[in-house]
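Numbers restart at 1 for each chain; the letters A, B, ... are given by sequence-line order, proteins then strands. Since this is a predicted model, take the numbers as computed values, not measurements.
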Amino acid sequence: MTVKEQNEASRPSHFIRNIIADDREKNVHQGRVHTRFPPEPNGFLHIGHAKSICLNFSMAEEFGGKCNLRFDDTNPAKEEQAYIDAIKADIEWLGFRWEEPVHYASDYFDQLHDWAVYLIGQGKAYVCHLSPDEAREYRGTLTEAGKDSPYRNRSVEENLRLFEQMKNGELAEGSCVLRAKIDMSSPNINLRDPIMYRIRHVSHHQTGNKWKIYPTYDYTHGQSDAIEGITHSICTLEFEDHRPLYEWYLDNLPIENKPRQYEFARLNLNYTVTSKRKLKQLVDEGHVNGWDDPRMPTISGMRRRGVSPAALRHFCEMIGVARSESIVDVGMLEHAIRDDLDKNAPRAMCVLNPLKVVITNYPQDQIEQLKAPNHPNKPEMGERQLPFAREIYIDVDDFREEANKKYKRLVLGKEVRLRNAYVIRADEVIRNAEGEIDEIRCTYDPETLGQNPLDGRKVKGVIHWVAAHRCLDVEVRLYDRLFLAEHPDAKKDVDFLTHINPDSLRVLQGCKAESSLANAHPEQGFQFEREGYFCLDRFDATEDKPVFNRTISLRDSWSKLDSEN
RNA sequence: UGGGGUGUCGCCAAGCGGUAAGGCCCCGGGUUUUGAUCCCGGUAUGCGUAGGUUCGAAUCCUGCCACCCCAGCCA
């Protein structure tokens, strides 16, 4: 198999790729491929945007083309510079490089204005003084045609004069708009004389106080694409009805390069909310700690949680690109995350709920330095030292006074393997005044380091542990799904907030981590063996107080078994 | 009851007239000092539905059904 074939095999065809490949073969756009990712800076990017980013950037990359980053900043009231900065950081973190410089739709406000004057001159645009309510009435309904605005036949001169006044801030906000003169009886409502400009006496994060009028998305997007030489303008399905309008502007303006718009189905994930409005609500109302809270499906949230760019990109490839609306199982995202971490995360041990174990036949002051591989299947990842001593911690869940045969951990009177160390036997349970278990007294078999018991005894279980006096005291944040309902926003009459998982974050203090973890870097993924994947929080961890976020647990076929009994 | 779309395994998704890819999930079995990973094997006589064309249809034609989007001076 050639490299190209392998590539094609691992990247299944999808309709956008097919269209582009086809266009290149037919030399459409002189064989150029130029895409763009056009976010509005009114919130943080989420997993759905990741799909679009991967699509746009990878199509350009694959076909030797370019991909622009363009902020779709036509509504200054909702936009902020802070979002622009965050969006740029997210895209870079994902590993994509846009074609410099960064573009803004607002870069084209002058050109757009001149084109509006041009359309007025052609008798194809007019200033309309209908109030919003009146305009709605005149627009008609889905089944009834609209009516022409009484202002539709103003003279070119009057329109020019009024538009100039709009531009100069001489007219009040909301008093009138500039509309394209298309067809009030079109079955496509977008063609019923759509608004091109509205008056907004607000300053803009890029253009300051220069403008009193701002163009709408429809009047801006296609032309911006054309100006930038975009060939394939990829957007989501809900813009499909806008395509005739997109093309109307390109056809009625003196524009050479005509980009084509293609629509794909946006990403939906179960147990997740991906609507900027709702995500903003979660942030604004304090249900989470900011846009980059590790529970958020935002790119920065997932980053902070410990998800790698590679995992996200792989996920986007797995789910494909199509035109049918679908809801992807979060299990697929989780699989992509585990798959990446399993291959790349060094192993370590950390006891989440410590239970002291005293090994009575181990010398009082002795400390051995055991060796442990950093990855069981990748010797090239090296090994580390693991101090072993008379007192260790194991997890509360890994000991039972009595249990059936299915329980493969430490049971009173039975043996278990300490991961990377010896086999121990539980001899005695020590209780405090309240009758709670305080510690377990064990004995170890010195002949079992790196080998099975010499007499052929079978020890089936393996548990993790940490040396009591050589470990780190750490905080661990256990994250779980933010929503309990599979489709949190499915019902319009049920507030999605009612489905919030009250246990989406559990903070554990006093967890005991092996000492080598003192060298962990923020965002570096580790597998805490038998527990899951964790990383140091990039904002809250300090030298004195390490804070680890659980990215995701290990797959667990035991808890299912256990609960069946 | 207008217009635009979509319907292939529990969830994604290839397929474009030659006899249903792949991934996730699930179920068996094997390896394993992580109940992880990994490895083998299994899972649609069926492609929304009813007809038609054809030697042959998920692919072409016709009717029907279901679901999604559109009546912001949001994008």
(request) Report the base-pairing partner of B:rU6 (Watson-Crick or G-U wobble, both distances below 3.5 angstrom), or none. (result) B:rA66
(message) Closest approach to the side chain of A:Ala322, judged atom by atom: which nucleotide of B:rA71, B:rA14, B:rC24 is it?
(response) B:rA14
(request) Between B:rC12, B:rC73, B:rC26, spot the one nearest the side chain of A:Val328, thanks. (result) B:rC12
(request) May I ask you to decide if A:Ile213's main-chain N or O and A:Lys167's side chain share a donor-acceptor pair within less than 3.5 Å? (result) no
(request) Kindly say whether A:Ile463 contributes a backbone atom to a donor-acceptor pair with the side chain of A:Arg417 at under 3.5 angstrom? (result) no
Looking across every strand, which nucleic acid part, if any, lies under 4.0 Å from [X] by heavy atom: base, sugar-phosphate, or nothing?
| X | value |
| --- | --- |
| A:Arg419 | base |
| A:Ala135 | nothing |
| A:Arg323 | sugar-phosphate |
| A:Val321 | sugar-phosphate |
| A:Met332 | base |
| A:Ser557 | sugar-phosphate |
| A:Ser186 | nothing |

Report yes if a donor N or O on one partner sits less than 3.5 Å from an acceptor N or O on the other, where the partners are the side chain of [X] and the base of [N]; otherwise report no.
| X | N | answer |
| --- | --- | --- |
| A:Arg409 | B:rG35 | yes |
| A:Arg338 | B:rU37 | no |
| A:Gln527 | B:rU34 | yes |
| A:Arg530 | B:rU34 | no |
| A:Asp241 | B:rG3 | yes |

(message) Would you say the base of B:rG35 stacks on A:Trp558 (centre-to-centre below 5.5 Å, plane angle below 30°)?
(response) yes
(request) Specify the residue among A:Asp339 and A:Met318 whose closest nucleotide of RNA chain B lies further upstream toward the 5′ end. (result) A:Met318
(message) If you assign each of A:Pro376 and A:Thr216 to its closest nucleotide in RNA chain B, which residue comes earlier from the 5' end?
(response) A:Pro376
(request) Mark yes or no: A:Arg200 above the aromatic ring of A:Tyr214, with NZ or CZ under 6.0 Å from the six-membered ring centre and no more than 45 degrees from the axis. (result) no
(message) I want to verify the glycosidic state of B:rG42; is it syn or anti under the 90° rule?
(response) anti
(message) Whether A:Arg192 contacts B:rA71 is assessed here as follows: a side-chain N or O lying under 4.0 Å from the phosphate OP1 or OP2. Is that the case?
(response) no
(message) So that I know where these two stand, are A:Tyr217 and A:Phe239 an aromatic pair - ring centroids less than 6.0 Å apart?
(response) yes
(message) Please give me the minimum heavy-atom distance between A:Leu178 and A:Ile120, naming the atom from each residue.
(response) CD1-CD1, 3.8 Å
